[in-house]
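I have placed the structure first, in the form of structure tokens, so that the comments after it can refer back to it.
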Amino acid sequence: MTHKLQFPADFIWGVATSAYQIEGSPLADGAAPSNWHRFCRVPGAVLNGDTGDIACDHYRRWADDVKLMKELGLKAYRFSIAWSRILPNGQGKPNEKGLDFYRNLVDALVANDIEPFVTLHHWDLPIALDDLGGWANRDAAHWFADYAHLMFRTLEGRVQHWTTLNEPWVIMDAGYMHGVHPPGLRSLEKAPVAAHNLLRGHGLAVQAFRADGKGQIGLVVNLEPKYAASNGPEDAAALARAHAYMNRQFLDPVFLGAYPDELAEIFGHDWPRFPEDDLKLIREPIDFLGINYYTRSVVRSDPTAAPLCASPVAQTGAEHTEMKWEVFPAGLKSCLLWVKRRYGDIPLYITENGAAFADPEPKNGRLEDPRRVDYFRTHLRAAHEALQQGANLKGYFAWSLVDNFEWSCGFARRFGLVHVDYATQKRTPKDSASFYRQVIESNGEEI
Ligand SMILES: N#[N+]C[C@@H]1[C@@H](O)[C@H](O)[C@@H](O)[C@@H]2O[C@H]12
């Protein structure tokens, strides 16, 4: 049954991808390897030993993919720029062919009335900078700001919506705390330093944008609402720690100018003392916030799970995706309203929302994915409820345009509205793509 939902007339409907996950050709036309190009070659790092060497071959098929976006009726396209195509050494002399790729992509999007939303950094750091310590090096903030400034000038007037970082929490947690992303560290000492330098880089890039950019600039964070497993004080304290570590660690400094107190408790003597000027820089005002939402988690106190001492409690009776994430649309609404209550009426975009399910193979040019259709339907309804309750929501980007390289899961998890046959690179729109096209055409009425 469809509901007649009214979204704002200027609501933006799009899809999202990222460079390393779809482009392939990581060393083409003067590009240098990224940290992910190297990390994929660490035995056991990526399921089935998959790499982004080919991925969705988007670097070569970009024009056809823009045509596909047009056919799907998309109004906006969120994508990231591969830093190591632009600055092979991470800094210094730009690679003109790398700049040309993104100039051509953006021009094709604009020519097809598809609004480009550009993410400057979606995890793929030039290997040269990784070798200098990556985000644990305080200079990383300046390397990033210089790269950002170059892109603002290169795409000036063609791109009106920029975001600095995609999910800095994942870069910190997966790359520096748990070692499952590059640089593969498990360091209580370096993780908070990397997080802080990511935020400093964000602040410096925003300052560069204010000086030399046009349009709007924001940040993209992943939010996962936390629910206590019981009403007991221990689980409440565990929830507070988990919530501060994942949901407040980046937003409190950006919007409130201070880190959550819980982080000093979590990191203990490894929690650094940060210069006050840093926090002033991090608080550079932004124009909008991007929220990536996938699921929620229920947490309990767990003294054996240092340093957070909080562990997730499996919701066995609930529906889950192939990522083992609970399908929980209400969490999207609570995220949007929590941000408004805590940080004010900042314009919001849902910059990623989607699900991996065990899709069948295409048959006669069609692929039925009812669970993904239902995932989008229930989450769009939750987004609409948040809008009705005052969320300043400006747009929605489905993750993802195409099946793609799902980081440490390789190609074993498919999130796309469009199926990719990786042997032939044939694209086949799934039923969810048709559903989404109707949603866009009706501006949300047909949900
Ligand atoms: N996993 N998963 C799907 C999706 C990932 O593919 C994106 O690159 C990230 O921004 C975010 O984690 C979400």
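Values below: every heavy atom of this structure, side chains too, minus hydrogens, waters and symmetry copies.
- Between W338 and Y343, the ring planes are perpendicular. Angles over 60° get that label, and only those under 30° would be called parallel.
- Side-chain contact between R158 and E156 is absent, with no heavy atoms from C-beta onward closer than 4.5 Å.
- In this structure, a donor-acceptor pair under 3.5 Å is absent between the side chains of T428 and H419.
- Between L336 and I350 there is a side-chain heavy-atom pair separated by less than 4.5 Å.
- Under the 30°/60° scheme for interplanar angles, the aromatic rings of F79 and Y77 are found to lie parallel.
- Taking the charged nitrogens against the carboxylate oxygens, D100 and K97 have no contact shorter than 4.0 Å, which rules out a salt bridge.
- For the atom pair L223 CG and C335 SG, the distance stands at 4.5 Å (nearest 0.5 Å).
- Aromatic ring pairs are classed by plane angle as parallel below 30°, tilted from 30° to 60° and perpendicular above 60°; the pair F152 and W162 is perpendicular.
- H178 places a side-chain N or O within donor-acceptor distance of the main-chain N or O of D173, the cut-off being under 3.5 Å.
- At distances below 3.5 Å, at least one donor-acceptor pair connects side-chain atoms of R427 with backbone N or O atoms of C56.
- Checked by atom type, the side-chain pair T295/E326 shows no donor-acceptor distance below 3.5 Å.
- Taking 4.0 Å as the cut-off between side-chain N and carboxylate O, R241 and E265 count as a salt-bridged pair.
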Note to self: Please determine whether side chain to side chain contact (heavy atoms under 4.5 Å, CB included) holds for the pair D131 and R38, giving the CA-CA distance in whole Å, both sets of side-chain angles, and the decisive distance to 0.1 Å.
What the structure shows: CA-CA 11 Å; D131 291 343; R38 172 163 61 185; 2.6 Å; yes
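- Without hydrogens or angle criteria, H384 side chain to Q6 main chain gives a donor-acceptor distance under 3.5 Å.
- Classification of the Y294-F415 ring pair by plane angle, with boundaries at 30° and 60°, yields perpendicular.
- Between D53 and R41 a salt bridge is recorded (basic side-chain N to carboxylate O distance below 4.0 Å).
- Counting only heavy atoms from C-beta outward, the side chains of R78 and T119 approach each other to under 4.5 Å.
- Side-chain contact between Y245 and M172: present, with at least one pair of heavy atoms (C-beta onward) separated by less than 4.5 Å.
- Ring geometry for H196 versus F274: interplanar angle under 30°, hence parallel rather than tilted (30 to 60°).
- Aromatic ring pairs are classed by plane angle as parallel below 30°, tilted from 30° to 60° and perpendicular above 60°; the pair W36 and F39 is perpendicular.
- Using a cutoff of 4.0 Å between basic side-chain nitrogens and carboxylate oxygens, K430 and D403 are scored as salt-bridged.
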Next item on the list: Please assess F11 against Y396 for the test ring pair (Phe, Tyr, Trp, His ring centres under 6.0 Å), listing each intermediate value before the final yes or no.
Entry: CA-CA 8 Å; F11 196 78; Y396 176 92; 7.6 Å; no
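- Within the cation-pi definition used here (under 6.0 Å to the ring centroid, within 45° of the axis), R200 does not qualify as a partner of F144.
- Under the 4.5 Å side-chain criterion, counting only non-hydrogen atoms from C-beta, H122 is in contact with Q21.
- Side-chain contact check for V220 versus L165: every heavy-atom pair is 4.5 Å or farther apart.
- The aromatic rings of H121 and W83 lie perpendicular to each other, with more than 60° between the two planes, well past the 30° mark.
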